[in-house]
Number of protein chains: 2
Amino acid sequence: MNRQSRFSQFLESRNLRSTAGRRVMLQEISALGERHFSAEDLVARFRRRGRAVSRATVYRTLEHLLAGGLVRRLSLGHKHSLYESNLGRRHHEHLICLRCGEVTEFGSGTLERLLDGVCRRRRFVAQRLSIQLFGMCARCAEEGRAKRN
Amino acid sequence: MNRQSRFSQFLESRNLRSTAGRRVMLQEISALGERHFSAEDLVARFRRRGRAVSRATVYRTLEHLLAGGLVRRLSLGHKHSLYESNLGRRHHEHLICLRCGEVTEFGSGTLERLLDGVCRRRRFVAQRLSIQLFGMCARCAEEGRAKRN
DNA sequence: GTTACTGCAAATAGTTTGCATGGAT
DNA sequence: ATCCATGCAAACTATTTGCAGTAAC
């Protein structure tokens, strides 16, 4: 099932209406592919393309997309949230470089199985994982080493 | 090495001064044991005990304690940060119940080794892990099941 | 004596909300 | 016709900051 129809279905299932703003948002988010984006990024992109969607609507729609599992919200150490499209993507988590800000992704079946085990043992029903490793990427670590020598 | 002397040492190493406010904060945080607390919690506790430390100082001192590794900052899904004392504690991560808000901890050597491997392979130097599982605790899941039947 | 620390209040930034109007069903 | 969605601006919340006075070294 594609993004469009998943969204329509979600809207219908909750008695939400298919409006221009919502369709544009879904479209724009699809266009962003695997990139991370903030609410503000979206507002700016809409402006640039002359299809204004207000900040309020962006935030409200993001809530719906989150509830419907079409996007994922990330906490990568900024005071604002970032989001990423969540359709047709393998589960993954993030490595964040504290020096240059680079964000890379990693996924691991072993990791997921391990956490599944943790949950099963505690009869905890996980709905959402949030895993981030903060540190220094290879390049920055290398530069740091060079400087110290 | 105990908390007090680790803190003194940290202050000294950075040319920071040992002030009343900072000592009181360290004390109060020790008294909180393994509990999680917000910046605001601390301000309130100081008020109640008649040893006022201003909000600004609380935030500024928390920064130092974080830098010195004496406390850890947690993102448990609120808009404010929570903190926990980080001395004499085994590494652990958190399970957060989205229904009742209960937070439980879990630690796993296997998990740490696994993530170490991920980092080594990418030559990423991890400084800090942030792992949260959001979902439903055993009790809430049970109640949910009961209600649906 | 020098320099760092503190408290206050104001500033900041991201996000949320009330309300009047417009649009989907 | 109903009731949900939108835009605007104002509200809100956690956190940060400038500054003038105070305390540690």
Side-chain angles (χ1 to χ4, degrees), chain A residues 4 7-28 36-47 49-68 70-84 101, chain B residues 4 7-28 36-47 49-68 71-84:
Chain A
Q4 287 293 346
F7 190 45
S8 317
Q9 204 168 66
F10 173 69
L11 291 178
E12 221 164 313
S13 75
R14 300 226 181 173
N15 274 321
L16 299 174
R17 290 168 183 176
S18 172
T19 66
R22 286 174 183 171
R23 285 188 300 267
V24 168
M25 267 195 67
L26 192 66
Q27 217 172 84
E28 201 68 30
H36 300 152
F37 55 89
S38 66
E40 205 53 38
D41 290 339
L42 291 180
V43 173
R45 288 176 77 90
F46 296 142
R47 291 252 158 87
R49 314 207 166 189
R51 322 146 119 191
V53 178
S54 75
R55 210 179 313 278
T57 297
V58 166
Y59 277 106
R60 288 191 274 232
T61 304
L62 279 172
E63 275 322 308
H64 292 310
L65 294 169
L66 286 164
L70 287 109
V71 304
R72 184 148 86 118
R73 181 189 271 144
L74 310 173
S75 291
L76 302 186
H78 307 107
K79 62 169 40 181
H80 55 273
S81 295
L82 289 182
Y83 302 82
E84 64 179 12
Chain B
Q4 287 294 344
F7 190 45
S8 317
Q9 205 167 64
F10 173 70
L11 291 177
E12 220 163 316
S13 75
R14 299 225 182 177
N15 275 320
L16 299 174
R17 290 168 183 178
S18 171
T19 66
R22 287 174 181 169
R23 286 188 299 267
V24 166
M25 267 194 67
L26 192 67
Q27 216 171 86
E28 201 68 29
H36 300 151
F37 55 90
S38 66
E40 205 52 38
D41 289 339
L42 290 180
V43 173
R45 287 175 76 91
F46 296 142
R47 292 252 158 85
R49 313 206 166 189
R51 322 145 120 192
V53 178
S54 75
R55 208 179 316 277
T57 296
V58 166
Y59 277 106
R60 288 190 273 232
T61 304
L62 280 171
E63 275 321 309
H64 291 311
L65 294 169
L66 285 164
V71 303
R72 184 148 85 120
R73 181 189 272 142
L74 311 174
S75 291
L76 303 186
H78 307 107
K79 61 169 42 182
H80 56 272
S81 295
L82 290 182
Y83 302 83
E84 66 179 11

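For clarity, every value in this text was computed on a predicted model and none was experimentally measured. Atom set for the values below is all heavy atoms of this structure, side chains included, hydrogens, waters and symmetry mates excluded. Below, chain A is the first sequence line, B the second, and so on; all start at residue 1.
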Hey, which of these two, B:H80 or B:T19, hits DNA chain D nearer its 5' end, going by closest nucleotide?
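With B:H80 and B:T19 compared, the 5'-side residue is B:H80.
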For B:L82 and for B:R23, locate the closest nucleotide of DNA chain D by heavy-atom distance; then report the residue assigned to the nucleotide nearer the 5' terminus.
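Between the two, 5'-proximity favours B:L82.
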In terms of side-chain heavy atoms, does A:R22 have a donor or acceptor partner in A:Q27 at a distance below 3.5 Å?
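Note: A:R22 and A:Q27 side chains miss the donor-acceptor criterion.
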Does any donor atom in the side chain of B:R14 or B:Q9 lie under 3.5 Å from an acceptor atom in the other side chain?
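There is no such pair (donor and acceptor under 3.5 Å, judged by atom type) between the side chains of B:R14 and B:Q9.
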Length of the [atom1]-[atom2] vector between [X] and [N], whole Å:
X: A:K79; N: C:dG14; atom1: NZ; atom2: P; result: 7 Å
X: B:R47; N: C:dC8; atom1: CZ; atom2: C1'; result: 12 Å
X: B:F46; N: C:dG7; atom1: CZ; atom2: P; result: 10 Å
X: B:R73; N: D:dA14; atom1: CZ; atom2: P; result: 15 Å
X: B:H64; N: D:dT16; atom1: NE2; atom2: C1'; result: 14 Å
X: B:L26; N: C:dC5; atom1: CG; atom2: P; result: 16 Å
X: A:E12; N: C:dA24; atom1: CD; atom2: C1'; result: 13 Å
X: B:L11; N: D:dA23; atom1: CG; atom2: P; result: 19 Å

With respect to the side chain of [X], which nucleotide from [options] is positioned closest?
X: A:E63; options: C:dA4, C:dT16, C:dG7; value: C:dT16
X: B:R17; options: D:dA24, C:dT6, D:dA5; value: D:dA24
X: A:R22; options: D:dA5, C:dC8, D:dC8; value: D:dA5
X: A:A39; options: C:dA13, C:dT15, C:dC5; value: C:dT15
X: A:S81; options: D:dT15, C:dT15, C:dA4; value: C:dT15

In the structure I gave you, are the side-chain heavy atoms of B:M25 and B:L62 within less than 4.5 Å of one another anywhere?
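Yes, at least one pair of side-chain atoms sits under 4.5 Å.
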Answer with base, sugar-phosphate or nothing: what part of the nucleic acid does A:S18 contact at a heavy-atom distance below 4.0 Å?
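It contacts sugar-phosphate atoms only.
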By the 4.0 Å heavy-atom rule, please label A:A20 as base, sugar-phosphate, or nothing.
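Nothing, no nucleic acid heavy atom in range.
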Polar side-chain contact B:R60-C:dG7 base: donor and acceptor under 3.5 Å
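Check passes, donor-acceptor contact within cut-off.
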Any donor-acceptor pair under 3.5 Å between the side chain of A:R55 and the base of D:dC8?
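Between D:dC8 and A:R55, which were checked side chain against base, a qualifying N/O pair under 3.5 Å is absent.
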Keeping the roles fixed (side chain from B:R45, backbone from B:E28), state whether a donor-acceptor pair exists under 3.5 Å.
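Checked: no pair found.
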N/O donor-acceptor pair under 3.5 Å between A:S13 side chain and A:F10 backbone
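Answer holds: yes.
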Think B:Y59 has a side-chain N or O under 4.0 angstrom from the OP1 or OP2 of D:dT15?
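Result: yes.
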Tell me whether the side-chain N/O atoms of B:T57 come closer than 4.0 Å to OP1 or OP2 in C:dG7.
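Answer yes for this pair, as a side-chain N or O of B:T57 is under 4.0 Å from OP1 or OP2.
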Does A:S38 or B:L16 map to a spot on DNA chain C nearer the 5' end, using the closest nucleotide for each?
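Its nucleotide being nearer the 5' end, the pick is B:L16.
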For the atom pair OG1 (B:T57) and CZ (B:F46), what is the distance rounded to the nearest 0.5 Å?
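Between atom OG1 of B:T57 and atom CZ of B:F46 there are 10.0 Å.
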